[in-house]
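To start, the structure itself, in structure tokens.
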Number of protein chains: 2
Amino acid sequence: MNHNITDFDHSDDSKLEGLRMTRQRREVYDVLMSLRDHPTASEVYERAKANMPGISLATVYNCLEALVDHGAVRQVHFERESSRYCPNLTAHGHFQDEQSGTVIDVPLKKGASLGDFLDLPAGVQVNNIEINLTGKISN
Amino acid sequence: MNHNITDFDHSDDSKLEGLRMTRQRREVYDVLMSLRDHPTASEVYERAKANMPGISLATVYNCLEALVDHGAVRQVHFERESSRYCPNLTAHGHFQDEQSGTVIDVPLKKGASLGDFLDLPAGVQVNNIEINLTGKISN
DNA sequence: TTGCACATTAGAATCATTCTAAATTTAGGC
DNA sequence: GCCTAAATTTAGAATGATTCTAATGTGCAA
């Protein structure tokens, strides 16, 4: 097979089209795609350093911002904790376990739409939605 | 009538029962109840100083935390902006206008419940929900 | 291949919030 | 009403995530 350490499944790079690509942006995006566990910028930085020791925290922030602005990645915010990053672009919310801080995706039910449960005032154009739940996992 | 400057409509203080009351907590709560416009801690501080010039910003933070912990007031978070405070305890979300930053309440439709639109994993106990929309107001 | 607009970088700066420790106040029991 | 313990207030320092700055490096269209 002859794989080496730089091999990576870049199968769904369509989200990156039109974004000027740099080694750092590639690495940051790959970090997010490989675990999909809502890391903070610092956590992305720690992981990215494994493959790219010279990358800086400022660059990780810049790359994450570029990916978010490009629509390839979404930010998740609980309270005023560090921003977390999520490469799942389908409609979904998030749940954070109060004990561990772990964040998981919560899919929207098929066919559900905002207007079904929210009384939106006339004339508002919604560009972004965050649905964030916190609580405990019982068992 | 013999009213004076300290008079205020304390009609719905039931939310404060069981919370140790101080002049500062009273003032902070009254500030939130009188405009109900989702001010930040600094904005609450500015308004509170009108009636209570000596109050400190640290105290405003402490009072807001006490009110939140007591369940008399809720926090609202957009991105990593300053926390905002909302005395509306009914089930509702928030909409922020991208231009002005203004935040308004968005009521949940009567009878709507979480399980209607979210595929919650088994065994999660939800203690808090934030539904935050951002966008533009067209007209 | 080249030019240059855009990216990366280290370190400083920012800013909301929390912490610290001393002075003050609340609420309950007498 | 007065006393006391425990909780609260306060100014200022500390924290920590993020953004800014300005110098250096690089992707990519022509």
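Just so we're on the same page: letters track the sequence lines, and every chain starts at 1. Because the structure is a prediction, the values reported are computed rather than measured.
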Quiz item: OP1, OP2 of dT26(C) versus side-chain N and O of Gln24(B): anything below 4.0 Å?
Solution: no

Quiz item: How about Asn128(B) and Asn132(A): do any of their side-chain heavy atoms sit closer than 4.5 Å?
Solution: no

Quiz item: Where the side chain of Arg80(B) meets the backbone of Glu81(A), is there a donor-acceptor pair that is under 3.5 Å apart?
Solution: yes

Exercise. Under 4.0 Å between any heavy atoms, over every strand shown, what does Thr40(A) touch: base, sugar-phosphate, or nothing? Just pick one.
Key: nothing

Quiz item: Whole-Å distance between dG27(D) P and Arg23(A) CZ?
Solution: 7 Å

Exercise. To the nearest Å, give me how far apart CD (Gln75(A)) and P (dA17(D)) are.
Key: 15 Å

Practice problem: Take the angle between the ring planes of Phe117(A) and Phe117(B) and call it parallel below 30°, perpendicular above 60°, tilted in between. | Solution: parallel

Quiz item: Under 4.0 Å: is that the gap between some side-chain N or O of Ser56(A) and OP1 or OP2 of dT9(C)?
Solution: yes

Practice problem: Could you give me the CA-CA distance, side-chain angles and deciding distance for Arg26(A) and Asp13(A), then say whether side chain to side chain contact (heavy atoms under 4.5 Å, CB included) is met? | Solution: CA-CA 10 Å; Arg26(A) 171 91 264 159; Asp13(A) 283 1; 2.9 Å; yes

Quiz prompt | Distance below 4.0 Å between Thr22(B) side-chain N/O and dT9(D) OP1 or OP2 | solution = yes

Practice problem: Dump the intermediate steps for side chain to side chain contact (heavy atoms under 4.5 Å, CB included) on Ile131(B) and Leu108(B), then the final yes or no. | Solution: CA-CA 10 Å; Ile131(B) 298 180; Leu108(B) 243 64; 4.2 Å; yes

Self-check item: Nearest to side-chain heavy atoms of Ser82(B), which nucleotide of dA17(D), dT8(C), dA16(C)
Solution: dA16(C)

Quiz item: Starting at OH of Tyr61(A) and ending at C1' of dT18(D), how long is that distance when rounded to a whole Å?
Solution: 5 Å

Quiz item: Between atom CZ in Arg26(A) and atom C1' in dT26(D), what is the gap in whole Å?
Solution: 17 Å

Quiz prompt | Value in whole Å for how far the P atom of dC28(D) lies from CG of Leu16(A) | solution = 12 Å

Exercise. Check whether any side-chain N or O of Thr59(B) sits under 4.0 Å from OP1 or OP2 of dT8(D), and answer yes or no.
Key: no

Quiz item: CZ of Arg25(B) versus C1' of dA7(D): gap in Å, rounded?
Solution: 8 Å

Exercise. Give a yes/no answer on whether the side chain of Ser42(B) brings an N or O atom under 4.0 Å of OP1 or OP2 in dA16(C).
Key: no

Practice problem: Please determine, for the side chain of Ala58(B), which listed nucleotide (dT17(C), dC19(C), dT26(C)) has the closest atom? | Solution: dC19(C)

Practice problem: Return the 5'-most residue of the pair Glu65(B), Leu19(B) with respect to DNA chain C, ranking by each residue's nearest nucleotide. | Solution: Glu65(B)

Quiz item: Is the distance from OP1 or OP2 of dA17(D) to the nearest side-chain N or O of Ser83(A) less than 4.0 Å?
Solution: no

Exercise. Return no unless some side-chain N or O of Arg20(B) is found under 4.0 Å from OP1 or OP2 of dA27(C).
Key: no

Self-check item: d(CD1, Ile55(B); P, dT25(C)) in whole Å
Solution: 14 Å

Quiz item: dT18(D) P sits how many Å from Glu81(A) CD, rounded?
Solution: 11 Å

